[in-house]
Protein chains: 2
Amino acid sequence: MTFRRACGHVADMDSVDAILAQWRRERPELDVAPMGLLGRLVRLTTHLRREIEHTLARHGLTASSFDILATLRRSGAPYRLSPGDLLATAMVTSGTMTNRIDQLEKIGLVERLPNPEDGRGVLVALTAIGLERIEAAVTAHVETQIRLTAEMPETDREALDALLRGWLARFE
Amino acid sequence: MTFRRACGHVADMDSVDAILAQWRRERPELDVAPMGLLGRLVRLTTHLRREIEHTLARHGLTASSFDILATLRRSGAPYRLSPGDLLATAMVTSGTMTNRIDQLEKIGLVERLPNPEDGRGVLVALTAIGLERIEAAVTAHVETQIRLTAEMPETDREALDALLRGWLARFE
DNA sequence: TTCATATATCTTGACGTCGAGATAAATGGA
DNA sequence: TCCATTTATCTCGACGTCAAGATATATGAA
């Protein structure tokens, strides 16, 4: 199904357009343009997240555990950060972080060491197995990310990145 | 902190740029441009989702329960759909849908009716209270969506919507 | 009519997340 | 030094999600 848009070109109607059409019929006074934008953003992110989780699962990792290991890895040797450091970039609560570390410790990919500089805290360190695991997972993850963006023209990718950067800046 | 980009203009370095810089140092062979785009997308969506959930919570709803009520509402009177119909737009599994309906039924916003056309199935119907609740919640939700997109210039919003539409089309 | 297959929905158990609050150590002013 | 406050981390209970499989009804070919 196609429809002629206000600016004159023809585009396929997608699942979000169908939802907007329903709202225009039922609640015509609502301004649903923002809903379209946000709806596409949410649906797209859901698809992308699933693709990425599929790749990580082949390496025995969830998106959550990957986040921790990757943060430790990119911090550089000796691959040790406090839970508070990990919290600073992870967008989760402290309770969630504790749980994530617990799960990784349970399968031997990280270990908790006493923090010599702060008796209240600990350091989370990559184990040898954890390092090996994250090296392979990151390589595969980046390949997946390249695949997921590959069909988009270079100019579109740059434009999209710039727009997202600007919007994100209003929140961070 | 700012840095000069390859194309010559100066932009603020954001949290995603900081992550990419770490990867360039640790694993310089990786192509991290897609990671930047996907990272901004994920972080932005997380912020937006939280703002939206905050609004819905003031109406006693989660994003999940809102989805069901909104789908019923925009389907038009008599506001009845089967769980299968709800599944078709919701991007969740059938077990999740059963749970969502259970929760809404428990607080009296929907009810399950036998499906006269299919003895295996049921119809999920908005109750009077459910209709009242979703009418108010949708109004507030749209206001939040307008606020979240308001600071973006109109041309940017249209460009972003078009880019997202194109990318999403590869998945649906 | 009969039965194999398909379909609609629900059940179960494991996990990840959050919010609120608990615990323990660090910090800094009196 | 002492103690109030702050900070770092963890605990707990509730909830949403998924994957796999169970149950019950519908469908269609023989």
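So you know, we letter chains A, B, ... as the sequences are listed, proteins then strands, and number each from 1.
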Task: Whole angstrom value for the distance that separates P of D:dT11 from CG of A:D102 - done: 7 Å
- [ ] Using a heavy-atom cut-off of under 4.0 Å over every strand shown, decide if A:N115 touches base, sugar-phosphate, or nothing.
- [x] nothing
Open item on the list: Applying a strict under-4.5 Å side-chain criterion to I, L, V, M, F, W and Y, I'd like to know whether B:L109 and B:L123 cluster together.
Closed with: no
Task: Common cluster, B:L113/B:V110, ILVMFWY with side-chain heavy-atom separation under 4.5 Å - done: no
TODO: May I ask you to verify if any side-chain N or O of B:R112 is less than 4.0 angstrom from the OP1 or OP2 atom of C:dT9?
DONE: no
Task: Atom CD of B:E154: over 12 foreign heavy atoms under 6.0 Å - done: yes
Open item on the list: What is the separation between atom CD on A:E117 and atom P on C:dA25, rounded to the nearest whole Å?
Closed with: 18 Å
TODO: Considering only NZ, NE, NH1 and NH2 on the basic side and carboxylate oxygens on the acidic side, decide whether B:R27 and B:E29 come within less than 4.0 Å.
DONE: yes
Task: Atom pair distance, as rounded to whole Å: CG in A:D67 and C1' in C:dG16 - done: 12 Å
- [ ] Using a 4.0 Å heavy-atom cut-off, write out nucleotides 13-24 of chain D from 5' to 3' as B (base contacted by protein), S (sugar-phosphate only) or - (no contact).
- [x] ---SBBS-----
Open item on the list: Checking A:H141 against A:Q145: is there a side-chain donor and acceptor pair closer than 3.5 Å?
Closed with: yes
Open item on the list: Please give me every residue in residues 76-87 of chain B whose heavy atoms get under 4.0 Å of an atom in DNA chain C, ordered by residue number.
Closed with: B:S82, B:P83, B:G84
Task: Matching residue for B:L87 among B:L81, B:T96, B:V92 - test: side-chain contact (heavy atoms from CB on, under 4.5 Å) - done: B:V92
- [ ] Could you state the atom-to-atom distance from CD1 of A:I101 to C1' of C:dT17 in whole Å?
- [x] 15 Å
Task: Atom-pair distance (CG on A:L123; P on D:dA8), nearest Å - done: 13 Å
Open item on the list: Donor-acceptor check, side chain of B:T98 to backbone of B:S94, threshold 3.5 angstrom: yes or no?
Closed with: yes
Task: Polar side-chain atom of A:D118 near backbone of A:N115 as donor-acceptor pair, under 3.5 Å - done: no
